[in-house]
There are 2 protein chains.
Amino acid sequence: MTKQQYRDQSYLEKVGKRIVTLREGLGISQEKLSELSGLDTRQIGRIERAENNSSISMVKKIADALKVKVSELVDVDF
Amino acid sequence: MTKQQYRDQSYLEKVGKRIVTLREGLGISQEKLSELSGLDTRQIGRIERAENNSSISMVKKIADALKVKVSELVDVDF
């Protein structure tokens with residue numbers, strides 16, 4: 001396993017799906033989440049589609065925008 | 001705020017400290033955590049010192065190695 005940029009694709013997909021579920025549960029668009037989080041709409045899309053190996057800073061920013069704890073986005077295996 | 005690589009330094013420092021606390025609580029070295037997680041010892045050091053804007057894949061890898069939920073590393077504000 002390369003030690004540089006470790007990536008857990010199945011985990012990223014679960015986190016991405018959790019973000020979509022919470023966002024849609026609030027009835028907000030990716031554009032609105034971008035506005036609330038200050039992240040670019042394309043970044044939001046890539047994170048939701050698990051194309052990005054998101055940093056925890058970004059995930060915290062999304063959690064803050066969705067008004068949830070970071071754990072609600074990242075504890076997806078339990 | 002630049003939209004490319006968003007970084008929350010104070011958050012990263014809290015997560016880094018939490019990893020040190022849990023690792024030392026288990027009485028294991030950075031080298032041992034590197035062995036358990038498959039991440040490079042230098043990466044472990046950089047994450048603990050908040051020099052890296054760690055990806056959630058890496059944080060999950062560390063959580064798995066420390067046998068804790070990811071939330072125990074990332075819910076540091078609550």
Side-chain angles (χ1 to χ4, degrees), chain A residues 1-20 22 30-78, chain B residues 1-20 22 30-78:
Chain A
M1 178 181 53
T2 60
K3 292 217 171 178
Q4 271 52 47
Q5 209 3 307
Y6 174 74
R7 181 188 185 97
D8 182 334
Q9 187 56 32
S10 83
Y11 179 62
L12 293 171
E13 282 164 14
K14 287 176 189 165
V15 173
K17 281 192 189 101
R18 175 65 60 86
I19 293 171
V20 173
L22 288 169
Q30 287 183 347
E31 289 68 25
K32 184 62 180 168
L33 181 53
S34 163
E35 201 186 295
L36 293 169
S37 65
L39 297 176
D40 195 80
T41 307
R42 281 164 304 171
Q43 278 177 309
I44 302 273
R46 282 197 298 267
I47 291 169
E48 290 189 352
R49 292 187 304 272
E51 291 168 9
N52 269 11
N53 190 9
S54 323
S55 72
I56 49 173
S57 296
M58 273 201 201
V59 174
K60 170 132 191 336
K61 199 70 177 158
I62 291 172
D64 292 348
L66 294 172
K67 295 197 176 22
V68 296
K69 289 201 293 185
V70 178
S71 54
E72 290 193 47
L73 300 186
V74 298
D75 269 357
V76 288
D77 280 345
F78 310 100
Chain B
M1 180 180 56
T2 61
K3 293 215 168 182
Q4 272 50 50
Q5 206 8 303
Y6 174 74
R7 181 189 184 98
D8 182 335
Q9 187 57 32
S10 83
Y11 180 62
L12 292 171
E13 283 164 15
K14 287 176 189 165
V15 172
K17 282 192 188 100
R18 174 66 60 84
I19 293 172
V20 173
L22 287 169
Q30 285 183 347
E31 289 69 25
K32 183 64 180 169
L33 182 53
S34 162
E35 200 186 297
L36 293 169
S37 64
L39 296 175
D40 195 80
T41 307
R42 281 164 304 171
Q43 277 177 309
I44 303 272
R46 282 198 298 268
I47 291 169
E48 290 189 351
R49 293 187 304 272
E51 290 168 9
N52 269 12
N53 191 9
S54 322
S55 72
I56 50 173
S57 296
M58 273 201 199
V59 173
K60 172 137 190 335
K61 199 69 177 160
I62 291 173
D64 291 349
L66 295 172
K67 296 198 175 17
V68 296
K69 288 202 292 186
V70 177
S71 55
E72 290 192 47
L73 300 185
V74 297
D75 269 357
V76 288
D77 280 345
F78 309 98

Asker: Once rounded to the nearest 0.5 Å, what's the spacing between atom NZ of B:Lys60 and atom CZ of A:Arg7?
Answerer: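 That separation rounds to 14.5 Å.
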Asker: Could you work out, with side chain to side chain donor-acceptor pair (under 3.5 Å) as the rule, every residue matching A:Gln30, not counting sequence neighbours?
Answerer: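 A:Gln30: side chain to side chain donor-acceptor pair (under 3.5 Å) contacts with A:Glu48.
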Asker: Starting at OG of A:Ser55, measure out to CE of B:Met58 and round the result to the nearest 0.5 Å.
Answerer: 11.5 Å
Asker: Within this structure, what is the CG-OH distance for the pair B:Asp40 and A:Tyr6, rounded to the nearest 0.5 Å?
Answerer: 15.0 Å
Asker: Considering only heavy atoms and a distance below 4.5 Å, find which of A:Leu73, A:Val59, A:Ile56, A:Asn52 pairs most often with chain B.
Answerer: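 Looking at each option in turn, the highest pair count goes to A:Ile56.
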Asker: Sequence neighbours excluded, which residues qualify as side chain to side chain donor-acceptor pair (under 3.5 Å) partners of A:Lys17?
Answerer: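 Not a single residue meets the side chain to side chain donor-acceptor pair (under 3.5 Å) criterion with A:Lys17.
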Asker: Check for a donor-acceptor pair, side chain of B:Ser57 on one end and backbone N or O of A:Asp8 on the other, with a separation under 3.5 Å.
Answerer: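 Yes: the side chain of B:Ser57 pairs with the backbone of A:Asp8.
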Asker: Okay, side chain of B:Asp75, backbone of A:Ser71: is any donor-acceptor separation there less than 3.5 Å?
Answerer: yes
